[in-house]
Amino acid sequence: MIQILLYFGNHFQMKQQITGLIQAALDTLVQNGSLPADISPRIMVENTRDKSHGDLASNVAMTLAKAARRNPRDIAIMITEALPQSEILTKTEIAGPGFINFFITSASATKVVEDILSQGHDFGRTYVENPEKIQVEFVSANPTGPLHVGHGRGASYGATVADILAATGADVSREYYVNDAGRQMNILAASIWLRYLEHCGANFDFPANGYKGQYVYDIALQVKEKYALSLSHSAESVFSDLPLDEPQGGDKEKYIDALIERCTELLGAEDFDGLFQIGLVAIRDDICDDLAGFGINYQEWFSERSLTGSGDVDQALERLQEKGHLYEKDGNIWFKSTDFGDDKDRVVKRANGATTYFASDIAYHMNKFERGFDKVVNIWGADHHGYITRVKAAIQALGYDPERLIVKLVQFAILYRGTERVQMSTRSGSFVTLRDLRKEVGKDACRFFYVTRKADNHMDFDLELAKSQSKDNPVYYIQYAHARICSVLEKLQASEWQLDEATGLAALSISDNDAEKSILNQLSKYPETLNNAANNFEPHLVANYLKELAGDFHTYYNSNKMLIEDKDLRNSRLILSCAVKQVLANGLSLLGVDAPQRM
RNA sequence: GCGCCCAUAGCUCAAUUGGAUAGAGCAACGCCCUUCUAAGGCGUAGGUUCCAGGUUCGAGCCCUGGUGGGCGCACCA
């Protein structure tokens with residue numbers, strides 16, 4: 001991925017410079033015959049883990065050892081001797097099996113503070129001339145009820161991935177695929193109608209397979225407001241001659257299907273649809289509002305039903321047909337996905353003429369690419385991994401490069417209250433909706449906790465920890481660092497002193513305070529942390545980064561008082577703190593977490 | 001049975017994507033508030049990275065085979 005960087009004084013830029021120096025050294029060595037001409041090393045410059053290893057390090061000498069048939073340490077010596085002069089380096093050292101360690105001048109290291117202060121909110125962000133258009137689709141839960149806690153991780157992960165991609169130069173569109181077609185939605189409509197009948201005074205057993213949540217009653221009330229009693233029918237006309245429901249020893253699936261059919265008969269298509277729409281809109285709006293409370297906003301709410309209306313489904317199937325990827329068997333139309341690595345072929349159109357959910361999915365993905373996205377990212381729950389192959393098969397069959405579809409799976413999170421596991425079943429739980437979780441734990445802790453682990457790892461989410469207000473809780477730990485800095489700056493405001501950036505920078509560049517060096521080093525890593533997070537879809541890198549930066553700051557704060565008489569020390573400490581504050585705020589905002597002024 | 005994901009300190013998790021002596025937090029123990037927010041800091045202790053092989057200068061990371069756990073194998077959405 002080639003990107004144009006607009007900032008300086010960070011490790012990104014340092015690495016590029018040092019890579020250039022090493023390349024020059026290698027050219028020299030090849031030219032004077034010290035190294036064979038046919039070497040083509042990939043020069044890697046990395047951050048060091050240990051301060052004694054300098055600021056940056058390269059392993060080129062080791063990677064060259066074989067081709068050059070020489071001891072890596074000897075090669076390292078040759079390279080360091082051939083390095084051109086540079087004002088950013090104080091010295092180089094050769095260490096271990098053949099690492100070259102680079103020590104950066106403190107003036108270069110301080111530069112990052114200047115950049116942060118001048119770039120503010122933009123520090124760490126990448127601007128690209130022709131940004132890639134990336135769509136990120138996430139959550140996309142069925143609109144048959146409120147979001148439950150199981151959706152929280154996908155929501156937080158997807159939103160953060162989208163924001164980080166946008167911060168690193170992509171043109172990002174966030175999308176929610178609304179599964180507003182299909183049987184589950186009909187069951188919802190029927191459930192609403194039955195609750196409506198109850199509101200109208202009818203009395204009967206609610207179907208075992210119906211939606212029983214409180215929200216169904218609420219929606220039914222809306223229906224009653226709009227339709228008054230015009231949709232009311234007697235219990236007898238509704239329930240006569242139906243198969244048995246499950247509690248009576250029947251099949252709850254057959255029962256509910258029969259009930260849906262009865263419902264459409266009695267209401268007629270138009271009224272049924274009207275009722276359906278009220279349910280859909282109410283729940284979709286509720287989900288939208290819920291996610292907004294999480295700080296998550298979408299550019300597009302894409303309706304599955306619209307795919308049928310627009311002809312996209314037919315068009316997608318026609319396209320597969322033309323390319324010879326469909327065949328008929330047993331009256332069904334099949335997509336030959338086995339040609340593209342799938343285990344078995346898949347039905348796209350049933351004998352009765354109805355297209356399958358998978359057919360909609362094919363059309364939806366075709367639609368995404370037709371809208372001009374360069375890349376399409378789907379965030380799915382881990383239980384959907386079986387669909388990856390068939391969807392990729394379909395888009396390949398349609399003539400798109402399947403690499404343009406990136407599916408990220410999010411593993412389930414298990415909720416704990418202390419050591420006790422929180423059951424999430426609808427039956428037992430007072431604690432099932434995402435809204436409840438947010439109300440109990442708070443938006444910030446929810447957002448942070450959900451992205452603090454790698455997405456493909458299972459995670460334990462401890463409610464007590466998320467709610468605790470102590471250093472145990474990483475959210476508060478980071479926010480507290482930000483609030484502390486704000487507090488000092490407030491005190492500064494009230495004092496006779498004023499912040500003098502030039503004095504501070506000058507003093508900082510000649511300081512030999514170890515805590516300051518650690519902070520400068522950490523600040524320098526922010527842009528590349530964002531890039532790593534974006535390139536690998538790993539927002540936890542940002543969360544971990546912020547924990548480290550906050551930790552560095554707390555250490556510093558504890559042993560270095562800022563509002564002191566010494567003008568140089570005072571200003572250097574203050575501007576460094578301002579830089580920390582800025583980067584904390586930048587990072588937190590990507591995670592959807594507030595950076596409070598005081599706590 | 002087949003496929004995907006995971007396994008790291010007593011617990012929850014990292015490890016710059018193949019680099020140097022595997023790091024944080026919690027829990028345990030010992031310190032630091034007359035000081036800008038102690039919602040904080042300093043220190044001690046804690047490891048056969050599930051097991052067995054392999055690849056190479058070098059493996060927690062890659063390959064093969066196991067063990068254990070999660071998930072998925074619909075003409076459901």
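Within every chain, numbering begins at 1; the chains are lettered A, B, ... in the order of the sequence lines, protein sequences first and strands thereafter. No experiment lies behind these values; they were computed from the predicted model shown.
Salt bridge annotation for E328(A)-K349(A): absent, with no cationic side-chain nitrogen under 4.0 angstrom from a carboxylate oxygen. Ion pairing between R598(A) and E490(A) holds under the 4.0 Å rule for side-chain N and carboxylate O. With respect to the salt-bridge test (charged N to carboxylate O, under 4.0 angstrom), the residues E548(A) and K525(A) do not qualify. The pair D342(A)-K392(A) does not count as a salt bridge, with every side-chain nitrogen at least 4.0 angstrom from each carboxylate oxygen. Using a cut-off of 4.0 Å between Lys/Arg side-chain N and Asp/Glu carboxylate O, K443(A) and D594(A) are scored as salt-bridged.
For H384(A) and Y387(A), the ring centers sit closer than 6.0 Å to each other.
In this structure, R570(A) satisfies the cation-pi test against W497(A), with its NZ or CZ atom closer than 6.0 Å to the six-membered ring centre and inside 45 degrees of the ring normal. A cation-pi geometry, defined here as NZ or CZ lying under 6.0 Å from the six-membered ring centre and within 45° of its normal, does not hold between R453(A) and F461(A).
In this entry U44(B) has A28(B) as its Watson-Crick or G-U wobble partner, both defining distances falling under 3.5 Å. Base pairing of G58(B) is not made with any nucleotide, judged by Watson-Crick or G-U wobble geometry with both donor-acceptor distances under 3.5 Å. Pair assignment for A7(B) gives U67(B), based on Watson-Crick or G-U wobble hydrogen-bonding distances that are each under 3.5 Å.
Residue S487(A) is in base contact, counting any heavy-atom pair closer than 4.0 Å across all strands shown. Looking at heavy-atom distances under 4.0 Å, N560(A) makes contact with a base.
Distances from the side chain of K491(A) to the nucleotides C36(B), C57(B), A39(B) place C36(B) closest.
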Heavy-atom contacts, protein to nucleotides 15-24 of chain B, under 4.0 Å, summarised as B (base), S (sugar-phosphate only) or - (none) per nt, yield SBB-BB----
Along nucleotides 67-77 of chain B, 5' to 3', which nucleotides get a B, which get an S, and which get a -, given that the test is a protein heavy-atom distance under 4.0 Å? --BSBSSSBBB
